[in-house]
Every structure is written in structure tokens, then in C-alpha cells.
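What follows is a short report on a single structure.
We count ligands from 1, going down the list as the structure has it; atoms in each ligand are counted the same way.
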Amino acid sequence: MENYHVAWALQELADLLDLTGESPFKSRAYRIAARRIESLTDDLAELYREGRLTEIDGIGKSIAQQIGEYLETGTISLAQQLKAELPAGLFSILTVPGLGPRRVGQLYAELGITSLAELEQAAKERRIRRLKGLGVKVEDAILAGIARIANSESSGRMLLNMASEQAAILRERLARHPLVSAVEIAGSLRRRVETIGDLDLVAATAEPHKVGEFFKSFPESVEIIADGPTKLSAIHRSGFQVDLRLVTAEQFASAWLHFTGSKAHNIRLRQLAKAAGFRLSEYGLENLVDGSVTTVETEAELYARLGLPFIEPELREDRGEIEAAQAGTLPKLVTRAQIRGDLHMHSNWSDGTATIAQMARAAAKLGYEYIAICDHSQSLKVAHGLDWERLQAQHREIRELNRQGDLGLKILTGIEVDILADRLDFPDEVLAQIDVVVASIHSGFRQSQEQIMARIEMAMRNPHVDILAHPTGRLLNRRDGYAVDIERIIDLAVETGTVLEINSFPDRLDLNDLTARKALQKGATIVINTDAHHSEQLAYMDFGVGVARRAWAESHQILNCLDYQSLLQRLNR
Ligand code: DGT
Ligand code: CA
Ligand code: CA
Ligand code: ZN
């Protein structure tokens, strides 16, 4: 038994405790213990045999006892007992985004909800908003979540946050296996495609059979759908597929390149190889005359053998990267490390959950020089939009935080001003006093292209508006964007100097890679923002950077790659 099996069992026990409405302290203790165990390098079973479990930070007597029981018998009787008491349908409700076990337990206890269908009905009948601590926002989120499940089941594609999180856990786990000498994520996730069909992992091992058995024993697997000697596929509990390819250490670099794709990019590489007298495959380069196979140590070496410089995974789509590589004109792609700040985030002044100081501290930890707090404006009542009075109070708080000077970065004042039907949600005199004005549409999604474009043009022509946020309004797996004329928006951005946002939220990624690339080609400036409503969401920056890289962006084209002084100059232009 491996450590992560135990971690997983404790997680499950914590979920069960939450579902039954036990004290939150109990489940939290189990979750902390599970996290400790997942990152533990020592063998838990061995520590148990030596009677040393309680030496681990966060593991007390009673949790140690449960771990012991699990190691001895493969189950925890408390978990079995709780599971027997709860209706099975509750577990499907747990898959609704944003609904944790505690809330699911509350919905069960107070409304008797035991299935997705009952949950949807209760939300539609507006019964959920009346429960303590839930409200209209949660009810809407539940309906959206249910719709998203239905959609992603039909589209079958995962959002990047979920895909990256799962892939990282699985990669880590395989990497710790003693028979695995290398393991990497491949496929669309490595190329940073906006949604992911399935996860692809490539591992190097001399004993594929044993590693394959290990992969099949993962507790998240609900079904093994391919079980070959070097190619395995499993369906995991949350409904997605994981493909694992097992190769030798010598084949690893070629296989990683091959399974990273895209298919279109690989076809081009195979043509180049053929012209040079080789057959390119996941095993290496086979000489077409004598059949000898050349392997490579790195992807870069393989590209070099085809007469090309290294091509970054985000570019591998046959969208001109081969030609650019041959001509020596590949872009120097922007990196996460070049991002100096985040200019669109929310605080608990509107619909965020953290204070401004908390957001600032979290941003400083990411190495930023500056942030802008852009809470919603007054008309957006559901998000507690700020009127001028509260905005001024917020600005006082920001000035005070900056004056204290112990945050490690500068906070700019900002607003996400709503683009109303015929005007912005604040007059120019107010907007003039704000450092960063982000404009966006939150109403009238179904208007005609003419109406929507008139509103957007009005906003972009306003000299105080710095950034057009999530320009198309699309929500992945949920709804298409509004009827925008994206070419026109790009032209307006170039004409007016309004910066176009790549919103990094995993269900937005708006602009997308292709439109962002078009915007950059025409000379528009892009900003990569998170739109975080919580300090942990600041980490979504990686996803936005992925989109920018897929758009061939270089740092000089990105607003938030500017240092603080240059940023101020650009904003005041
Ligand atoms: P996805 O999963 O739809 O988000 O997109 P990808 O690009 O991850 O596609 P996937 O998982 O089917 O395959 C991973 C990569 O493996 C793909 O980009 C190209 C490479 N590949 C090479 N040969 C083959 C092949 O014969 N079939 C498939 N499906 N992929 C291949
Ligand atoms: Ca894939
Ligand atoms: Ca695949
Ligand atoms: Zn926002």
C-alpha cells in the first residue's frame, strides 16, 4: 500500500464527516493529515510498524488509529459506517463545481436533496436561497454548475485548472515510483490548449508491466479502458480519461515530443524527417536505408537533427511555427516570470472574498511589483458594486496601505466599470481619478451585434478607459460570447490605445489564443489579468500566460510586463 492510498482514504473520510454535518474541526484535521501524508517522503506503512505515526506533524492518536486500521484491513470502519448511512446520490452532487461536502450535507439535511435532478429542481424553485449561509448567489452558481456538468459531459472537455491539478498529482505520484526514471505531461495540456480532452502522460521505465500495474491500481480509477504492454488508459472518478505511455529511457525524449503533438505539428516534422531520409516515430529516428534507429536525449536534439531550433510546446499547432523556425524568426515567448503585476482583481469590497491587504500580500508572494484592485461598479448590484462614496472610502484604504509600505508592492486604485446600455456606470470626472479603469459588459448578452458593438466602441473611445476586460464574454462549456465583431474591436484597440485583456480565469480565457494573436499582429497591446475573486485565484495567471504564448506574444507587447514607472506613464498617456 502506498502513502497516497492512505491520504485518499482520509480525504474521503473527511468528505463523509462533512456530508453528515459533523464538526468542521474534525474533517479539517483529517484533511491536514491527508495533505501531510501525500507529501511525505518516508513510507507510512513502515512508520506505522515502528509505532511512529504520531511523530508526523498533524497526526494525533485517533487519526493514527484510523491509519493503522486502514493499513491493516484496507478500510476504515468509521467511513464504511458513514457511507452506509448516506444516500449514494450525494456523491454525484459533490461533482457540482463550487459545492463542497459541507454544503451538500446541508442541502441533504435541510431539503432532503439526494440527487442532481432534485438539486436542480430545488434551485429552480428558489428553495436553496432561503437556507442559512447560501443565498441567491449560491443558487445561481449551482444552476450554472449543473449546466456546466451537462455541457462538459456532452463536449467532454476539461477546464485547465482541473486538468493541471489532476495531471500534477498523477505526475508526482508516478515520479516517486522507484521504477520510473522520467515522467512528463504531454498532449494538449502541455501545449496549453484552452480545454483538455484527456490527460496524456509519458513515463520512462525498464519495467513497463510493473509500472502499468501501479497505474491501474490508482484509487481514482473507475475503469481501465486500455491495458496494453506500453499503452494504458483509465477513466478517473471525475469522469476524465488518463492515457499513459511507457517507453524506455532512450526513447523518452522522442516519445514526449510525439505525444505532445499536435497531430498537425507532428505531420510536418515527419515530412521533414522523411526528406532527410528518416522515419520519425515515438521511438526515435529510423534510418530509411539501413533501418538503424537513432535516439535523442532531448527534444531540442531531435529538432536540431531536423535542422530546426527548439519549438515551444505552445507553438506546436502548424500555425506557421515550422516556417518561422526555418527562417529563424520564432518569437521569444513571454514567460510567467516576466509578469510584474496583475491589473484586474476583486476584493471583499464587492464580490471578492479577501481583503485588499490579503490580496496584496498574496500577490507580493508571487513576486509582483504592483496590483490594481478593480471591484465592480454601482450598477452591478448582485456583486455589491461600489458607488462613488464607497469607492472613495476604498481609495482611502488603498492609500493608507501604500503609505504603510510594508506590503512589498504598490496597489493601484481601479474599477471594473460596467458598460451600460448607453453610458459607462461612472461619469468621466470619477473615472479620471482612478488609476486603472477596466471596462466590461455584464448585461444585455443577447443584444444584436450593432447594439453590443456600439456599447463597446463607446467604452473604448472613452479616454479614461484603460482596458477592455474579457472582450467576448464567452464562458467555456457554458455560453458563447456576445455578438461582437472582434476585428472591429482589435482595430479600435489599435486606434484608441485601449488595452485588450486576456482574462486568465479558466472558464473565460478571453481573448483566446487566435484572437489575441490577431490583435498582436495588428499592433494592439494585451494585458494578462486573473480577475481573481480570491487570493488563491491569483495563480490563474499561468493559464493567461499560456494563452499569450499560444498567441506568439513577446513581453514587450504585454502591458503588465512593464515596470511600475513605465506602467504609470503608459496609463497616463
Ligand atoms: P485533446 O486530448 O483532445 O485535448 O488533444 P491532444 O492533443 O492531447 O490529443 P490526444 O490526447 O488524442 O493525443 C495526444 C498527442 O499524441 C497528440 O497531440 C498527437 C500525438 N499522437 C501521435 N500519434 C497519434 C495517434 O496515432 N493517435 C492519437 N490520438 N494521437 C497521436
Ligand atoms: Ca490529450
Ligand atoms: Ca490521449
Ligand atoms: Zn472582474
Side-chain angles (χ1 to χ4, degrees), residues 152 155-160 162-164 166-167 170 184-202 225-226 228 231-236 240-245 247 254-270 280-283 313-314 316-318 342-347 349-352 359 371-377 380 382-386 414-419 425 436-442 467-471 473 475-476 501-505 507-508 510 527 529-534 537-538 540 544 550:
S152 66
S155 87
R157 300 192 65 86
M158 268 179 279
L159 297 180
L160 274 180
M162 154 112 148
S164 339
Q166 292 305 315
L170 299 175
E184 294 293 352
I185 293 164
S188 51
L189 181 57
R190 184 172 180 225
R191 303 197 314 278
R192 297 297 193 147
V193 178
E194 63 189 23
T195 58
I196 305 301
D198 64 19
L199 299 181
D200 301 281
L201 291 157
V202 183
I225 56 172
K231 183 185 162 188
L232 297 104
S233 292
I235 304 290
H236 278 200
F240 58 84
Q241 181 178 329
V242 186
D243 292 348
L244 175 65
R245 319 284 171 139
V247 295
S254 311
W256 192 23
L257 181 95
H258 181 85
F259 293 114
T260 295
S262 66
K263 230 173 173 167
H265 179 81
N266 287 356
I267 289 172
R268 295 294 306 273
L269 293 186
R270 279 202 289 272
L280 174 64
S281 74
E282 60 264 54
Y283 308 113
E314 293 90 339
R316 301 181 193 169
E317 299 288 350
D318 192 19
D342 190 338
L343 296 177
H344 180 177
M345 68 183 67
H346 297 265
S347 73
W349 281 80
S350 70
D351 60 348
M359 293 302 277
I371 56 171
I373 301 292
C374 295
D375 276 312
H376 291 287
S377 59
L380 213 58
V382 287
H384 301 287
L386 303 182
I415 191 77
E416 179 169 6
V417 67
D418 220 28
I419 304 175
D425 198 13
V436 179
V437 176
V438 169
S440 62
I441 286 190
H442 291 101
I467 294 169
L468 180 67
H470 41 79
L475 290 175
L476 286 163
E501 180 180 78
I502 291 176
N503 188 295
S504 309
F505 230 77
D507 62 356
R508 286 197 183 271
D510 176 12
V527 63
N529 288 327
T530 61
D531 202 356
H533 285 64
H534 186 286
Q537 293 171 344
L538 291 170
Y540 289 166
R550 288 178 60 78

Inset, instruction - Provide the number and element of each atom of ligand 1 under 4.0 Å from a heavy atom of Gly197. - result: 1 (P), 2 (O), 3 (O), 4 (O)
Legend entry - Any donor-acceptor N or O pair under 3.5 Å, side chains Thr530, Gln537: no
Legend entry - Whether Asp243 side chain and Asp200 backbone form a donor-acceptor pair below 3.5 Å: no
Inset, instruction - Return the orientation label for the His376 and His346 ring planes: parallel under 30°, perpendicular over 60°, tilted otherwise. - result: parallel
Legend entry - Atom of Ser377, atom of Asp418 and distance for their closest heavy-atom approach: OG-N, 3.0 Å
Legend entry - His376 near the Zn ion (ligand 4): N/O/S under 2.8 Å: no
Legend entry - Arg157 N/O under 3.5 Å from ligand 1 N/O: yes
Inset, instruction - Would you check if there is a donor-acceptor pair between the side chains of Asp531 and His344 at a distance under 3.5 Å? - result: yes
Legend entry - Closest protein heavy atom (residue, atom, distance) for atom 17 (C) of ligand 1: Gly261 CA, 4.0 Å
Inset, instruction - Using distance alone, determine whether Asp200 and ligand 1 share an N or O pair under 3.5 Å. - result: yes
Inset, instruction - Specify the closest pair of heavy atoms between Leu343 and Asn529, including all atoms of both residues, with the distance to one decimal. - result: N-OD1, 2.9 Å
Inset, instruction - Please confirm whether Thr260 comes under 4.0 Å of ligand 1, counting heavy atoms of the residue only. - result: yes
Inset, instruction - Identify, for atom 30 (N) of ligand 1, the protein heavy atom at the shortest distance, and state residue, atom and that distance. - result: Lys263 CE, 4.8 Å
Legend entry - Reported NE2-to-CZ distance for the pair His470 and Arg508, which is rounded to 0.5 angstrom: 4.0 Å
Legend entry - Residue Gly187 vicinity, atoms of ligand 1 by number, heavy atom under 4.0 Å: 8 (O)
Inset, instruction - For atom 4 (O) of ligand 1, grab the closest protein heavy atom and report residue, atom and distance to one decimal in Å. - result: Ser188 OG, 2.5 Å
Inset, instruction - Give the minimum heavy-atom separation between His258 and Asn266, together with the two atoms involved. - result: O-ND2, 2.8 Å
Legend entry - Considering only N, O or S atoms of Glu416, the one closest to the Zn ion (ligand 4): OE1
Inset, instruction - Kindly state if atom 2 (O) of ligand 1 has a protein heavy atom within a strict 4.0 Å cut-off, that is, under 4.0 Å? - result: yes
Inset, instruction - Heavy atoms only: give me the nearest Ala186-Trp256 pair and the separation to one decimal. - result: CB-CD1, 4.0 Å
Inset, instruction - Looking only at protein heavy atoms, identify the closest one to atom 15 (C) of ligand 1 and say how far it is in Å. - result: Phe259 O, 3.2 Å
Legend entry - Closest approach of Asp510 to Gly473 (non-hydrogen atoms, all atoms of both residues): OD2-N, 2.7 Å
Inset, instruction - Scan the protein's non-hydrogen atoms and note whether one is under 4.0 Å from atom 8 (O) of ligand 1. - result: yes
Inset, instruction - Ignoring hydrogens, tell whether any protein atom lies closer than 4.0 Å to atom 26 (O) of ligand 1; use the non-hydrogen atoms only. - result: no
Legend entry - Ion pair check, Glu317 and Arg550, cut-off under 4.0 Å: yes
Legend entry - ligand 1 contacted by Glu282 (non-hydrogen, < 4.0 Å): no
Legend entry - Polar contact flag for Ile196 and ligand 1 (N/O pairs, less than 3.5 Å): no
Legend entry - Exam field: side chain Asp425 to backbone Val417, donor-acceptor pair closer than 3.5 Å: no
Legend entry - Angle subtended at the Zn ion (ligand 4) by His344 NE2 and Asp531 OD1, rounded to 10 degrees: 80°
Inset, instruction - Mind checking the CD1-CD spacing from Ile467 to Glu416? Nearest 0.5 Å is all I need. - result: 10.5 Å
Legend entry - Protein N/O/S atoms closer than 3.0 Å to the Ca ion (ligand 3): Asp198 OD1, Asp198 OD2, Asp200 OD1, Asp243 OD2
Legend entry - Pair Ser262-Asp318, side-chain donor/acceptor within less than 3.5 Å: no
Legend entry - Considering all heavy atoms, the nearest Ser188-Gly197 contact: OG-N, 4.2 Å
Legend entry - N or O contact, His258 vs ligand 1, cut-off under 3.5 Å: yes
Legend entry - Atoms in ligand 1 with a heavy atom of Arg191 nearer than 4.0 Å: 7 (O), 18 (O)
Inset, instruction - Could you say whether the N/O atoms of Asp198 and ligand 1 ever approach to under 3.5 Å? - result: yes
Legend entry - Side chain Arg190, main chain Thr260, donor-acceptor under 3.5 Å: no
